Every structure is written in structure tokens, then in C-alpha cells.
**Student:** 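Have a look at this one.
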Amino acid sequence: MADPAARVLDAVNALAPSMLALIGEVVRIPSIGGTDAENDAQAFVAGVLGAAGLEVDHWPIDLPSLSVDPEFPGMEVDRTEAWGVVGRRPGSGDGATLMLNGHIDVVPIGDPDSWTRQPFAAETDGARIHGRGACDMKAGLVAAMWAAEAIRFADVSLRGDLLVASVQGEEDGGLGTFATLRRGWTADACVIPE
């Protein structure tokens with residue numbers, strides 16, 4: 001068999017069209033912080049991670065308990081509901097754990113007349129996808145999800161666990177990652193593809 005890294009890179013290239021399609025789907029979810037769509041986006045990501053064969057932890061964040069924690073980072077947006085999502089591709093158990101962490105929430109669109117395209121249409125222009133959150137950071141989150149998918153597609157075994165965390169509340173304080181850590185999801189290293 002070819003080198004595992006080469007097999008994963010080949011898988012990334014093979015999966016690129018489906019990854020780009022998924023970025024469009026995620027951008028079309030208007031996941032503005034504090035809205036129902038922010039929670040809907042988390043449910044969508046949980047479904048994608050599960051369909052990709054990851055073990056999924058999709059839990060309601062206990063906002064009242066977290067908000068009184070002395071280390072709580074705060075929120076600028078009112079929320080009555082929030083959700084955490086972590087997908088896990090287990091390793092053999094004798095390696096380090098890596099977390100890929102990306103946020104699903106976006107800031108409001110501001111003045112609609114200042115947009116030259118619809119903010120959540122996910123229109124493409126050559127190799128570019130336009131829309132609120134495309135760069136910050138839905139494409140990075142989907143890239144993290146597809147890195148995990150490429151490992152599965154290439155049939156590469158890992159020594160340590162690979163975690164993919166989708167978090168909300170990162171545009172206004174850090175609620176999502178804080179809740180993920182308080183849930184017990186930690187790693188030896190974390191990559192945030194923003």
C-alpha cells in the first residue's frame with residue numbers, strides 16, 4: 001500500500017467536489033449568533049459527522065450552569081438554547097489526540113443594501129464561494145470535517161483519536177469551546193482552521 005499520508009491527500013482530491021458542495025450547504029444556513037438557525041446548523045453538522053462514520057456527541061449546552069462558572073468567557077448575544085457537537089474517529093489508543101475545532105456561528109449581515117450578492121446564497125464565482133461565514137469560518141469547519149472523512153476514505157488507521165468540534169458562540173465570547181472543554185472533550189493538540 002502507498003504511504004498513508006499520500007493516500008489521505010489523494011482522498012482529499014477525490015472528495016473535493018463533495019466538500020465544496022457541503023460548504024455551500026453550510027453557508028446557506030443563516031447561523032447568526034443567538035438565532036434558531038445557529039442551533040439548526042449544529043444539528044446539520046452532527047448529521048454530517050454521523051453519516052461520515054464518526055461517533056457523535058451532540059448535546060444541549062447548560063447555559064445557566066456555564067454562565068455562573070468563574071471562568072465563563074461571556075456572551076454578547078442572548079441565547080436561550082445552544083448546542084455542542086463533537087465527532088470522534090477513535091484511534092488504536094496508543095497515540096495523541098488531535099482536535100480540529102471550528103465555529104458555526106456568524107455575525108449579522110448588517111445593511112442588506114451593502115451586499116452585492118445575497119448573504120446566504122452561497123453563490124460561486126470560479127473557485128470562490130460567496131456568503132456570510134464562507135471564510136469565517138464555515139469553509140475551515142468543513143475542511144476539518146473532510147480531513148476526517150479523507151482519513152476514512154483512504155482507510156488509514158490512527159494511533160490517537162481525531163476529534164472534530166463544531167462550536168457556536170465564538171463570534172461573541174467563546175461559549176462553544178468553553179462548553180466543549182467543560183463537557184470533557186480535550187486533546188493533546190488543537191488546530192483551528194480559520
Side-chain angles (χ1 to χ4, degrees), residues 8 11-13 15-59 61 73 75 77 79 81-89 97-109 119-124 127-153 161-181 183 185-187 189-194:
V8 171
V12 167
N13 290 329
L15 295 169
S18 57
M19 180 181 72
L20 294 174
L22 181 61
I23 292 169
E25 287 183 70
V26 174
V27 169
R28 282 188 280 280
I29 302 171
S31 55
I32 297 167
T35 66
D36 289 341
E38 183 185 30
N39 299 317
D40 295 342
Q42 285 290 75
F44 179 81
V45 169
V48 171
L49 292 173
L54 278 74
E55 299 170 0
V56 177
D57 184 10
H58 180 213
W59 73 96
I61 295 172
M75 290 186 299
V77 174
R79 288 182 179 81
E81 178 183 2
W83 290 81
V85 176
V86 174
R88 176 179 172 257
R89 180 160 312 289
T97 297
L98 173 65
M99 178 185 288
L100 307 175
N101 178 312
H103 70 85
I104 196 72
D105 59 310
V106 299
V107 297
I109 64 167
F120 296 105
E123 293 178 20
T124 58
R128 295 177 188 214
I129 298 175
H130 298 270
R132 172 61 89 210
C135 179
D136 181 14
M137 78 169 288
K138 292 180 176 185
L141 176 60
V142 171
M145 295 162 60
W146 246 234
E149 176 62 6
I151 290 167
R152 178 176 79 122
F153 187 84
D161 291 351
L162 176 63
L163 307 176
V164 179
S166 178
V167 297
Q168 59 187 96
E170 296 307 303
E171 291 286 7
D172 67 302
L175 161 71
T177 297
F178 183 75
T180 298
L181 294 170
R183 179 81 168 173
W185 290 109
T186 62
C190 181
V191 175
I192 301 172
E194 187 159 11

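Since we're looking at a predicted model, the values are computed, not measured.
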**Student:** Side chain to side chain donor-acceptor pair (under 3.5 Å) with S166: which of H103, Q42, H58?
**Tutor:** Q42
**Student:** What distance separates T177 OG1 from Q168 CD, expressed to the nearest 0.5 Å?
**Tutor:** 11.0 Å
**Student:** So do the side chains of D40 and W83 get within less than 4.5 Å of each other, counting heavy atoms only?
**Tutor:** no
**Student:** Go through it in stages, so that I can follow the logic: the residues are I32 and F120, the test is side-chain contact (heavy atoms from CB on, under 4.5 Å), and I'd like the CA-CA distance, side-chain angles, deciding distance and then a yes or no.
**Tutor:** CA-CA 11 Å; I32 297 167; F120 296 105; 4.1 Å; yes
**Student:** Taking side chain as C-beta onward, heavy atoms only, is T97 less than 4.5 Å from T186?
**Tutor:** no
**Student:** Between CG of D57 and CG of L49, what distance do you get to the nearest 0.5 Å?
**Tutor:** 11.0 Å
**Student:** List, one per line, each side-chain donor-acceptor pair under 3.5 Å for residues 143-151, sequence neighbours excluded.
**Tutor:**
residue, atom, partner, partner atom, Å
W146, NE1, L15, O, 3.4
W146, NE1, S18, OG, 3.3
E149, OE1, R152, NE, 3.1
E149, OE1, R152, NH2, 3.3
E149, OE2, R152, NH2, 3.1

**Student:** Please name all residues satisfying side chain to side chain donor-acceptor pair (under 3.5 Å) with D161, sequence neighbours left out, ordered by chain then number.
**Tutor:** R88
**Student:** Heavy atoms, side chains only, cut-off 4.5 Å: are M137 and P193 in contact?
**Tutor:** yes
**Student:** Taking all atoms of both residues into account, what is the closest heavy-atom pair of A134 and V27, and its distance?
**Tutor:** CA-CG2, 3.8 Å
**Student:** Just jot down the ring pair (Phe, Tyr, Trp, His ring centres under 6.0 Å) partners of H130, sequence neighbours excluded, or say none.
**Tutor:** none
**Student:** Show the nearest heavy-atom pair for residues A52 and R89, with the distance to one decimal.
**Tutor:** O-NH2, 3.1 Å
**Student:** Just so I know, are the side chains of V12 and F153 near enough to count as touching, which here means a heavy-atom distance under 4.5 Å?
**Tutor:** no
**Student:** Return the set of residues passing side chain to side chain donor-acceptor pair (under 3.5 Å) with S31 (not counting sequence neighbours), or none when no residue passes.
**Tutor:** K138
**Student:** Measure the spacing between CG of L162 and CG of L98 and express it to the nearest 0.5 Å.
**Tutor:** 5.5 Å
**Student:** E123: which residues meet the side chain to side chain donor-acceptor pair (under 3.5 Å) condition with it, sequence neighbours left out?
**Tutor:** R117
**Student:** So which atom in A41 and which in I29 form the shortest heavy-atom distance, rounded to 0.1 Å?
**Tutor:** CB-CG2, 3.7 Å
**Student:** Output all residues satisfying side chain to side chain donor-acceptor pair (under 3.5 Å) with D36, sequence neighbours left out; order by chain, then residue number.
**Tutor:** none
**Student:** Taking the side chain as every heavy atom from C-beta outward, state whether I104 and F44 have any atom pair closer than 4.5 Å.
**Tutor:** no
**Student:** Taking the side chain from E170 and the backbone from G176, do they hold a donor-acceptor pair closer than 3.5 Å?
**Tutor:** yes
**Student:** Quick check against the 3.5 Å criterion: does R132 have a side-chain atom that pairs as donor or acceptor with the backbone of P30?
**Tutor:** no
**Student:** Could you check N39, D172, T35 and say which one makes a side chain to side chain donor-acceptor pair (under 3.5 Å) with R79?
**Tutor:** D172
**Student:** Below 4.5 Å, heavy atoms only, C-beta onward: do D136 and V106 meet side chain to side chain?
**Tutor:** no
**Student:** Find the distance between CG (D105) and CD (E38) and round it off to the nearest 0.5 Å.
**Tutor:** 5.0 Å
